[in-house]
Protein chains: 2
Amino acid sequence: MAADPLSRVFSALADPTRRDMVARLAVADATVNELAEPYDVTVQAVSKHLKVLQDAGLVSRTREAQRRPVHLEAEVFDLMTRWIERYRRQAEERYRRLDDLLRSMPDGTEPTPPPQTGAPT
Amino acid sequence: MAADPLSRVFSALADPTRRDMVARLAVADATVNELAEPYDVTVQAVSKHLKVLQDAGLVSRTREAQRRPVHLEAEVFDLMTRWIERYRRQAEERYRRLDDLLRSMPDGTEPTPPPQTGAPT
DNA sequence: ACTGTTGTCAACCGGTAGGTTAAATAGCAG
DNA sequence: CTGCTATTTAACCTACCGGTTGACAACAGT
């Protein structure tokens, strides 16, 4: 199983069934059997999906009598949003600067662009 | 290969190496060999990663002499952000309403909410 | 016309993801 | 204690994923 949290979250949401579960859990908590009902897979398969979501920190389970309601934990979304926004912004900034650059030299001279960088995580 | 775009994007970003490539491409376009340099995998492996990113719509390639610079396409990020924000908001709305509910009945009467779990005592 | 560089394609391999069935665990109702 | 319901665990199977090596295509430079 993927070591880093970001990989776990992205990987968890890469499955349509799991995304659908998240969508339904955003509306209301639900038990495993309730969650399994709409899909034509076994309850065990759904239980596995739930484990993936839980390992990704997307859901939590609380013991309530013999049932174990599943609850959506929305905070983890921030992890993704922050990652995405970071690079989206960076890319947009690039375009902006490229625009400026092109506008500032209609003669086509190459002004030796900044040196390459190493990559962050 | 995953049919729906959302699965493809999430799946593509579930790999740390691919996320790192995206991070570097946010800074500047790069060729396959340049991209491969920091990692201790073969160029072929990187080429495969690139194909995944491309199928997800995250990068595009433009033919330039014998090189094929890779370019980050940031628009696809919106697809994810929209999905995430939608359910995050929905979940937060749920909490808000639950708060209101609890605040609105200090007598402890149960107004028969939807046949839900977690009935407060 | 060769040679070197850049990149892809094909075949293969080990590991893991997602599904199944069958058995085990946990709690509630008689 | 027995049985019913809800859920997880175990064992297994198949398919895909990420990596490899080896061969090949396209182009630049000499």
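Chain naming here is simple, since letters A, B, ... match the order of the sequence lines and numbering starts at 1 in each.
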A.B. asks: Are the side chains of A/V9 and A/F77 in touch, meaning some heavy atoms are under 4.5 Å apart?
C.D. replies: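 No, their side chains stay 4.5 Å or more apart.
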A.B. asks: Mind calculating the distance between CG (B/L35) and P (C/dT8) to the nearest angstrom?
C.D. replies: 11 Å
A.B. asks: Rounding to an integer number of Å, can you tell me how far B/R61 CZ sits from C/dG7 P?
C.D. replies: 7 Å
A.B. asks: Check this for me: B/D4, atom CG, are more than 12 non-hydrogen atoms of other residues, nucleotides or ligands nearer than 6.0 Å?
C.D. replies: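 More than 12 within 6.0 Å, yes.
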A.B. asks: How far does CG of A/L72 sit from CD of B/E92, to the nearest 0.5 angstrom?
C.D. replies: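 Taking CG in A/L72 and CD in B/E92, the distance rounds to 10.5 Å.
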A.B. asks: Look at the side chain of B/H49 and decide which nucleotide, out of D/dG22, C/dT20, D/dG18, has an atom nearest to it.
C.D. replies: D/dG18
A.B. asks: Please work out if A/S11 contacts a base, only the sugar-phosphate, or nothing of the nucleic acid, heavy-atom cut-off 4.0 Å.
C.D. replies: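 Since no nucleic acid heavy atom lies under 4.0 Å of A/S11, the category is nothing.
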A.B. asks: If you check the B/R63 side chain, which of D/dC27, D/dT8, D/dT20 turns out closest?
C.D. replies: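 Closest of the options to the side chain of B/R63: D/dC27.
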A.B. asks: Within the structure, does a side-chain N or O atom of A/T31 lie under 4.0 Å from either OP1 or OP2 of D/dA6?
C.D. replies: no
A.B. asks: Provide, to the nearest angstrom, the distance between the CE atom belonging to A/M21 and the C1' atom belonging to C/dG18.
C.D. replies: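 For the pair A/M21 CE and C/dG18 C1', the rounded distance is 11 Å.
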A.B. asks: What's the CG-C1' distance between A/L50 and C/dA17, to the nearest Å?
C.D. replies: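 Value for this atom pair: 16 Å.
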A.B. asks: Nearest of D/dT20, C/dT8, C/dG19 to any side-chain atom of A/A45?
C.D. replies: C/dG19
A.B. asks: Look up atom CG in A/L25 and atom NE2 in A/H71, then write down how far apart they are to the nearest 0.5 Å.
C.D. replies: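 Going from CG on A/L25 over to NE2 on A/H71, the span is 9.5 Å.
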A.B. asks: Side-chain N or O of B/R18 versus OP1/OP2 of D/dG18: is the shortest distance under 4.0 Å?
C.D. replies: yes
A.B. asks: Taking the side chain of A/S47 as heavy atoms from C-beta outward, which of C/dA17, D/dT8, D/dT20 is closest to it?
C.D. replies: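 Nearest to the side chain of A/S47 among the choices is D/dT8.
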A.B. asks: Within this structure, what is the CD-to-P distance between B/Q54 and C/dT8, rounded to whole angstrom?
C.D. replies: 8 Å
A.B. asks: Near A/R67 CZ, under 6.0 Å, is it more than 12 heavy atoms from other residues, nucleotides or ligands?
C.D. replies: no
A.B. asks: Kindly point out which of C/dA22, C/dT20, D/dA6 is positioned nearest to the side chain of A/R67?
C.D. replies: D/dA6
A.B. asks: Closest approach to the side chain of A/Q44, judged atom by atom: which nucleotide of D/dT9, C/dG19, D/dT21 is it?
C.D. replies: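 So the side chain of A/Q44 is nearest to D/dT9.
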A.B. asks: Which residue, A/D40 or B/N33, contacts DNA chain C at a nucleotide closer to its 5' end, judged by nearest heavy atom?
C.D. replies: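 Upstream on the strand: B/N33.
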A.B. asks: Without decimals, in angstroms, what is the distance between A/L53 CG and D/dT8 P?
C.D. replies: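 My rounded result for the distance is 12 Å.
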A.B. asks: Could you tell me the separation between the OH atom of A/Y39 and the C1' atom of C/dT20, rounded to a whole number of Å?
C.D. replies: 19 Å
A.B. asks: Grab the NZ-C1' distance between B/K51 and C/dG7 for me, whole Å please.
C.D. replies: 14 Å
